[in-house]
A.B. asks: 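Let me give you the structure first, and then I'll get to my questions.
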Amino acid sequence: MKKKIIAFILPFLGLLFLSQAAYSQIIDDTTKLYYSPKTTLQLYAQDVLRGRYLEQPIDTSLSNLQNERFWYNDTSFYQHLGNTGTAAQPLFYYPPQKIGVRLGKNAFDRYAYDPYEINYFNTRSPYTHLFYVQGARGEQVFEGLHTRNITPRWNAGAAYQIITANQQIGPAAGDRRARSFLDNQAIKVFSHYRSENENYNLFFNFTFMRVEQVETGGIIPDTTFQDDVAAPSILSRFEEAPVQLTTALNQETRNNFHLMQIYRLAKENLKVYHVLDWRRQQNRFEDTTLTNYRTTIDSYLEASNGSLNNVFAIYPDYKLSRLRTIDITNYKELQNTFGLTGNYKLSSYNAYAKLRNATMVYNAQQSTPTDSSPTYVSVDKSDAYNQVLIGGDIRLMYKNLAELTGEAEYQLGSDYRVKGRARIGGAFATLERTLFSPSRVEDYMLSNHFLWENDFETSVTDRIGVGYAGAFGTRQFVKLNAHYTNIKRHIFFNESAEPQQLSGNQRLWGADLLHHIRFGPVHFKNLVAYTNTDEADKVRIPDFLLESTIYIEGFLFKQALFSQVGVQTTYMSSYYADAYMPVTQQFYVQDHFQVQGYPVVDVFLNADIKTVNLFVKMSHVNDQLLEPVYFVTPYYPGMRRSFTFGLKWMFFD
């Protein structure tokens, strides 16, 4: 994968340098640089829809440049498999934002381009940026983006993203796997056009992502494993540790086509709009040598006199074939949204109707049970869904002092979502309820290892929140949020990695505090989150999460170099983290492995050199100082100490 990135970067840089050299030949040394971040502006389609045509300069700050969460398209906290780009789920509980039919395979959402969150540009000159991160243990992140105005009112651009990682646990098995076990490649193409009279706006984007993740199933603990041993010796051997799977692979492919058109009928007071969304997602899990897996597990069961039982077995059974597994799901969705919206000095409104057509096709392969040269036949099932949703929102405000908003969406005959928010100054309160159907994965599964067909009821999530956000003087910023959540008829994946619906309630509450204070060049940022799940035993969240960063910021070398030098610490308290099932790409509840409370400390240097932002950091400097290994998911250890560097190089002509 390094060769792929280098092969992409070198010609790209060559063209840039050649064009820069040619450009420098026709200007003299006294010519000013007219193109900069101030002439490269970005905006979002949702802002234009709301009547806020806000063109803002691109972000060139060093803030969070070294923080891994900000290398991806979603910067939230996630539980993952211990390495860059791996399957992940949000660390905190959130009800689904999409009601109605949905697939439910979201393990790689964090890394995908979101068609509704893509930023569009307005540039006076061609703009290019290269973002690249390289870790000493094989982790890589890269994005190359180029955009330019074709006319003063029409911009187009494209980006290419790569995320790769090397295998940290288990021996490499042949040339196919080597040590590379993750390959994520994504593309986005985008364009924005605005008519000369400014009455018509068109936003278009196409996104693509293809992920291949070699599945290890995690480390197999040794036969002396006991529940009260935090880190048995074999669990800290990384490359020498045995893993459950040696020939398993997950593949996911996504395609999204998004087109939004907005037309002003009466300036900003009345606009009509149409949104076309087409989406396709295919998930494929394969393990072509199940005999290898059975041999590995049987040998460990024999060595332990059966004490391991099936707790550590990834495959619970064989439904269709004992020789190989090839499970495929194909989800397609076409959605048309038609709406009216308008903005006034003290209010705004939006009303819409959605027509959603979706199809779901399941495929698994079945082999003849006795033939020495078996043949395979496909077992298929398909479903189709046609749904109508109506919704809207209203907003009342008085300058920047007070605001009242409400939004609602209703799927005819089933789901709904309502939310209200009130704000006075920096104080705010929210109230929301979501009634949602189970995902397709929760309702039905056709696989060589799982077969289920459920008839779950809808679930309901009620959430209340209060908080405050604002600055105290010129040196402090505080954001405090407290929340209470009640989940009725909660659907989760149980200890057998199968979906289950509870009849009672799951109640959780908590608070989080974000605080930033500055003493001259010294900055101190803290995020503390507390969550109480005493009445939500099937929702697994650590009681405490802490992310603390202290750094010194300022100019060096006669203001030629602006830099940040600091330390970042991330800590999660001990809890029974969800385990991961590769076959279904779902995280599920378990009660035998308690992930230890552990701080991860990084030391970093961020620097700004004209149009280049770069960082170097030593990740996990406290590796093996406190414990031989720490885990983020049962049997998936976190990354060891690693030297990491990265840069964001911006070109404005």
A.B. asks: Indicate yes or no for a side-chain donor-acceptor contact from Q251 to the backbone of R210 under 3.5 Å, with no hydrogens or angles considered.
C.D. replies: no
A.B. asks: On a heavy-atom basis, which atom in F238 and which in G638 lie closest, and how many Å separate them?
C.D. replies: CE2-O, 3.9 Å
A.B. asks: Return the set of residues passing side chain to side chain donor-acceptor pair (under 3.5 Å) with Q335 (not counting sequence neighbours), or none when no residue passes.
C.D. replies: R356
A.B. asks: Is it the case that the side chains of S573 and D543 hold a donor-acceptor pair, with the cut-off being a distance below 3.5 Å and no angle test?
C.D. replies: no
A.B. asks: Considering the options Q365, H449, E286, K319, which one meets the side chain to side chain contact (heavy atoms under 4.5 Å, CB included) requirement together with T325?
C.D. replies: H449
A.B. asks: Considering only residues two or more places apart or on different chains, which pairs with a residue in residues 75-86 satisfy side chain to side chain donor-acceptor pair (under 3.5 Å)?
C.D. replies: D74-S76, D74-Y78, Q79-Q89, Q79-T633
A.B. asks: Within the 3.5 Å criterion, strictly below it, is a donor on N283 or Q281 matched to an acceptor on the partner's side chain?
C.D. replies: yes
A.B. asks: Thinking salt bridges, do R137 and E139 make one under a 4.0 Å N-O criterion?
C.D. replies: no
A.B. asks: Got a sec, which residues hit ring pair (Phe, Tyr, Trp, His ring centres under 6.0 Å) with Y598, two or more places apart in sequence or on another chain?
C.D. replies: H620, Y630
A.B. asks: Taking only residues two or more places apart in sequence, or in another chain, which ones meet K381 in a salt bridge (Lys or Arg N to Asp or Glu O under 4.0 Å)?
C.D. replies: D383
A.B. asks: Does a side chain donor of either D415 or S437 reach within less than 3.5 Å of an acceptor in the other side chain?
C.D. replies: yes
A.B. asks: State, to 0.1 Å, how close V595 and S574 come at their nearest heavy-atom pair, and which atoms those are.
C.D. replies: O-OG, 2.9 Å
A.B. asks: Would you please name every residue forming a side chain to side chain donor-acceptor pair (under 3.5 Å) with Y93, sequence neighbours left out?
C.D. replies: T461
A.B. asks: Evaluate the side-chain proximity of T216 to L245: yes if any heavy-atom separation is below 4.5 Å, no if none is.
C.D. replies: no
A.B. asks: Counting N and O atoms only, with roles assigned by atom type, does the side chain of N486 sit under 3.5 Å from a partner on the main chain of N505, one being a donor and the other an acceptor?
C.D. replies: no
A.B. asks: Partners of R280 by side-chain contact (heavy atoms from CB on, under 4.5 Å), sequence neighbours excluded?
C.D. replies: T253, N255, W278, Q282, N330, K332
A.B. asks: Could you list the residues that satisfy side-chain contact (heavy atoms from CB on, under 4.5 Å) with E495, not counting sequence neighbours?
C.D. replies: K538, V589, D591
A.B. asks: Restricting to ring pair (Phe, Tyr, Trp, His ring centres under 6.0 Å), what partner residues turn up for F450, sequence neighbours left out?
C.D. replies: W452
A.B. asks: Would you say N448's side chain and D327's backbone share a donor-acceptor pair under 3.5 angstrom?
C.D. replies: no
A.B. asks: Who pairs with W71 by side-chain contact (heavy atoms from CB on, under 4.5 Å), at least two apart in sequence or on another chain?
C.D. replies: E68, F131, V133, V141, F615, K617, T644
A.B. asks: Judged by modelled atom types alone, do T164 and D183 share a side-chain donor-acceptor pair under 3.5 Å?
C.D. replies: no
A.B. asks: Can you see whether Q66 engages D602 through a side-chain donor-acceptor pair at a distance of less than 3.5 angstrom?
C.D. replies: no
A.B. asks: Just wondering, do I219 and P637 contact through their side chains at under 4.5 Å, heavy atoms?
C.D. replies: yes
A.B. asks: For the residue pair D277 / Y116, report whether a side-chain donor-acceptor contact shorter than 3.5 Å exists.
C.D. replies: yes
A.B. asks: Distance check, rounded to the nearest 0.5 Å: L290 atom CG versus L323 atom CG?
C.D. replies: 7.0 Å
A.B. asks: Restricting to ring pair (Phe, Tyr, Trp, His ring centres under 6.0 Å), what partner residues turn up for F643, sequence neighbours left out?
C.D. replies: none
A.B. asks: Between R507 and D462, does any NZ, NE, NH1 or NH2 come within less than 4.0 Å of an OD or OE carboxylate oxygen?
C.D. replies: no
A.B. asks: The criterion is side-chain contact (heavy atoms from CB on, under 4.5 Å); which residues satisfy it with Q500, sequence neighbours excluded?
C.D. replies: F492, N494, L502
A.B. asks: List for me each residue that meets ring pair (Phe, Tyr, Trp, His ring centres under 6.0 Å) alongside Y580, sequence neighbours excluded, and say none if there are none.
C.D. replies: F587
